[in-house]
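Per chain, numbering begins at 1; letters A, B, ... match sequence-line order. Because the structure is a prediction, the values reported are computed rather than measured.
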Amino acid sequence: MSTDISRYTITAALPYANGPVHIGHLAGCYLPSDIYARYQRKQGRELIFVCGTDEHGAAINMKAQAEGVQPKEIVDKYHAIIRDSLKDIGISFDIFSRTSNETHHKTAQEFFKEMYKNGSLEEKTTAQYYDPQAGQFLADRFIMGECPNCHFAEAYGDQCENCGTSLSPTELISPKSRLSGAAPELKETKHWFLPLDHLSDKIKSYIQSHKDWKPNVYGQCMSWLESKDGLQARSMTRDLDWGIPVPLDDAEGKVLYVWFDAPIGYISATKELLGDAWVDYWKKDDTKLVHFIGKDNIVFHCITFPAMLMEHGGFHLADEVPANEFLNLEGKKISTSRNWAVWLHEYLEDFKGQEDVLRYVLTATAPESKDNDFTWLDFQTRNNSELVAILGNFVNRVQVLMQKYYDGAIPAASKLETVDEEALTEVAAAPTTIEESLEKYRFREALSRMMSLARLGNKYLADQEPWKRIKDQPQRTATIMYVAAQITAQLSQMMEPFLPFSAAKLQEDLGMENWAWSECSRKEFLAPGSKIASSGHLFSKVEDKIIEAQKDKLEAMAKAAQGPSYEPVKDEIQFEDFTKLDLRVGTIVSAQKVKKANKLLHLEVDLGFETRTIVSGIAEHFSPEELPGTKVSVVANLAPRKLRGVMSQGMILMAEDSDGKLTFTSVPESMPNGSIIR
RNA sequence: GGCGAGGUAGCUCAGUUGGUUAGAGCGUCGGAUUCAUAACCCGGAGGUCACGGGUUCAACUCCCGUCCUCGCUACCA
């Protein structure tokens, strides 16, 4: 890894094709990767920048089913939206592929076969639910039944949406297939697992050879590697009909696990782009492999995927994984299901021609070292007082003055004074300082260093006051304007990775090309006599009412998404079913936290005829001190269950609103403990 | 509860081989200016560096403890 770098493989996390891309994705992954790729291209480095949609997995299957369409329709729709919106915001992928295409299917299958041949995969047979009517095995999500825990009737096979418990399908009481409604049968099925424990040391020394990785990345990896349970084997296959068929004889109806095939998508995309030359970008050690991802993907890219590559053999492992944290929106977590998001394709509609504004704001506020907040007010401020007032304004001043005094033709400088020399020295030094930041993945710092060129320009003009000198010092004025023109030219070059649209526009005004990075460490970009045109302001102000409209839109969309989110009414039951429940009035006599659990409270509840111990998961909603004396409704005949070492003998009834907030179901104070509720 | 990351000016952040009055951008206040989209330029105010101990001649920086935020994980109505 210390060898000289001959080429770069830059990947951006594959967006999952079950929804559009929002500003969080952009800030966390696509913008930084694009800035990096554009910068390295300008450096003249050989590189590929690959991405594509991730189109497999049970979630897409589910969504298709919910909408009553084929999975293919879902992924086609979102692939197009994602591809177009990323292109329109200027993300300069060399290829934007998709995991549903043939090259990828073949590549993933070959990869799997090779691992199989190497003996890296462990075959295990387990009992899984099977739908006899639909004739297929059921993914966890495809099974519904009664939660063993809270007895919610529509718990899914992986999790109960009502009480949040993680489940395995076999725990469900009276399970039903969501495909046909039939009762599923347990049937033996075979899957292929990737054991990781034996790789633990190898992975650890790999991670430890990258101590320079960002603390969040390095820390999280070591946290996993040093966890007491060790690295668990993960199943690399699923019983599903949407995905890449497992390329083995005895694997009818089985597909590769989506997390297995997705990262191979980077490789397939490279093949698609380069043909046989893909090998250079993935197997040679003089290649630098950089994965841009969000923090949710760290473990996968730093541990699982490298493990897959190690087991397959012959691959070069990631050199850098500059993962970002999360971006919040107006103080709240971005949420697709609550529709709390600024969607990229909608931004592009609402802010036509202002692609660079979003790029600027999201780069300036990118969550590089900790979660960060995007607000529309901040968006407006940064646009108006940074892009418009500093950058756009400086460029415009130069263009206007040049036009006014010299008809747009750059004058020749006479003798350079110290201030001129100093300014030009800074101009020539800009690439070096910006490069320093970019090579360390400090994009916000790089952006700010780029902006200081504009600040330098504004100060230079203010100090030199050409508008005063034009009257009686024509030679001095010419020199000043010559210098100002060079600053502008350098700006147009240094802007390019960050603000490609504005850079192109400015370069055109200046009659320049997008120069190589190495050509930019200079003092003269534009010779005297070359023309500077002006095609109008680079940026325009964002008015208050635009911001208000966006904020209103956000609230309205969130409200609409939240409106009809009532739980569906459960299946009808008979009166006898109801009478099985023994509900009683009780009073909490004492409450204390259960140790080593932060959601559980150990309650003693007086039921009149006896006092019960009940463990309740309400510790995040109530403090123990406020509870004694509270009248509650209790399920008195629930089978006892041990929770965190404490035997719980019953359950307290709670009401929950759509935000997950809990309250006790009220019982009048006057009702004696032990009274029956029916 | 365990593990990881973070807690520095109104806002967004930089600052660790410990060392003079803790920095930047934006905002704010005052001044100056008019080439420029009331933009630009200069200056000021503004910080118990989450809190409490400890090590040291010296701590934002090292050690111990506590609190808060985020993530993973356990546990859960």
Rounded to whole Å, how long is the line connecting atom CG of A/Asp378 with atom C1' of B/rC13?
12 Å

Test of understanding: with side-chain hydrogen bond (donor to acceptor under 3.5 Å, both in side chains), list the residues that count as partners of A/Gln475, not counting sequence neighbours.
none

Could you let me know what B/rU20 is paired to, Watson-Crick or G-U wobble, both distances under 3.5 Å, or none if it's on its own?
none

Identify the nucleotide, in any strand shown, that forms a Watson-Crick or G-U wobble pair with B/rG71, with both distances under 3.5 Å; if there is none, say none.
B/rC3

When all nucleic acid strands are considered with a 4.0 Å heavy-atom cut-off, which category describes A/Leu600: base, sugar-phosphate, or nothing?
sugar-phosphate

Rounded to the nearest Å, what distance is computed from the CZ atom of residue A/Arg382 to the P atom of nucleotide B/rG27?
11 Å

According to the Watson-Crick and G-U wobble definitions, with both distances under 3.5 Å, which nucleotide is paired to B/rA14?
none

With a 4.0 Å cut-off on heavy atoms, is A/Val400 in touch with a base, just the backbone sugar-phosphate, or nothing at all?
sugar-phosphate

Minimum side-chain heavy-atom gap A/Tyr460-A/Ile480 below 4.5 Å:
yes

Counting any heavy atom closer than 4.0 Å, what does A/Asn328 reach on the DNA or RNA strands: base, sugar-phosphate only, or nothing?
nothing

Take atom CD of A/Glu465 and atom C1' of B/rC42, then tell me their distance rounded to the nearest Å.
12 Å

Please list all pairs meeting ring pair (Phe, Tyr, Trp, His ring centres under 6.0 Å) that have one or both residues in residues 356-378 of chain A, counting only residues at least two apart or in different chains.
A/Phe351-A/Trp376, A/Phe374-A/Trp376, A/Trp376-A/Phe379

Any strand: nucleotide that pairs with B/rU55 via Watson-Crick or wobble, under 3.5 Å:
none

Starting at NZ of A/Lys599 and ending at P of B/rC75, how long is that distance when rounded to a whole Å?
10 Å

Sugar-phosphate only, base, or nothing, as touched by A/Lys541 at under 4.0 Å among non-hydrogen atoms:
base

Taking for each residue the nucleotide of RNA chain B bearing the nearest heavy atom, is the 5' side occupied by A/Phe326 or by A/Lys468?
A/Lys468

Once you apply the 3.5 Å cut-off to both distances, tell me the Watson-Crick or G-U wobble partner of B/rG46, or none.
none

For the rings on A/Phe305 and A/Phe300, is their centre-to-centre separation under 6.0 Å?
no

At under 4.0 Å between heavy atoms, what does A/Thr381 touch on the DNA or RNA strands: base, sugar-phosphate, or nothing?
sugar-phosphate

My understanding is that a pair needs two contacts under 3.5 Å, Watson-Crick or G-U wobble. By that rule, which nucleotide pairs with B/rA39?
none

For the pair made of CZ in A/Phe394 and P in B/rA39, what is the distance, rounded to whole Å?
19 Å

Whole angstrom value for the distance that separates P of B/rG4 from CG of A/Asn216
14 Å

Can the positive tip of A/Lys295 be found less than 6.0 Å from the middle of the six-membered ring of A/Phe326, inside 45° of the ring normal?
yes

Expressed in whole Å, how much space separates the P atoms belonging to B/rG4 and B/rC62?
15 Å

Going by atom types only, do A/Arg641 and A/Gln649 share a side-chain donor-acceptor pair under 3.5 Å?
no

Pick base, sugar-phosphate or nothing for A/Pro466, based on heavy-atom distances below 4.0 Å to the nucleic acid.
nothing

May I ask you to say what A/Ser369 touches in the nucleic acid, namely base, sugar-phosphate or nothing, with a heavy-atom cut-off under 4.0 Å?
sugar-phosphate

Give one of base, sugar-phosphate or nothing for A/Gly219, where a contact means two heavy atoms less than 4.0 Å apart.
sugar-phosphate

Would you indicate what A/Ile298 reaches in the nucleic acid, counting non-hydrogen atoms under 4.0 angstrom: base, sugar-phosphate, or nothing?
nothing

Here the distance between atom P of B/rU73 and atom CD of A/Gln220, to the nearest Å, is 9 Å

Paired with B/rU33 by Watson-Crick or G-U wobble geometry, both distances under 3.5 Å: which nucleotide is it?
none

N/O (side chain, A/Lys370) to phosphate O (OP1/OP2, B/rU69) under 4.0 Å
no

How many Å lie between CG on A/Leu231 and C1' on B/rC3, as a whole number?
14 Å

What's A/Glu386 touching, base or sugar-phosphate or nothing? Going by heavy atoms closer than 4.0 Å.
sugar-phosphate

Contact nearer the 5' end of RNA chain B, comparing A/Ile390 with A/Asn384
A/Ile390

Might you point out which heavy atoms bring A/Arg476 and A/Arg469 nearest each other, and give the distance in Å?
CG-NH1, 3.3 Å

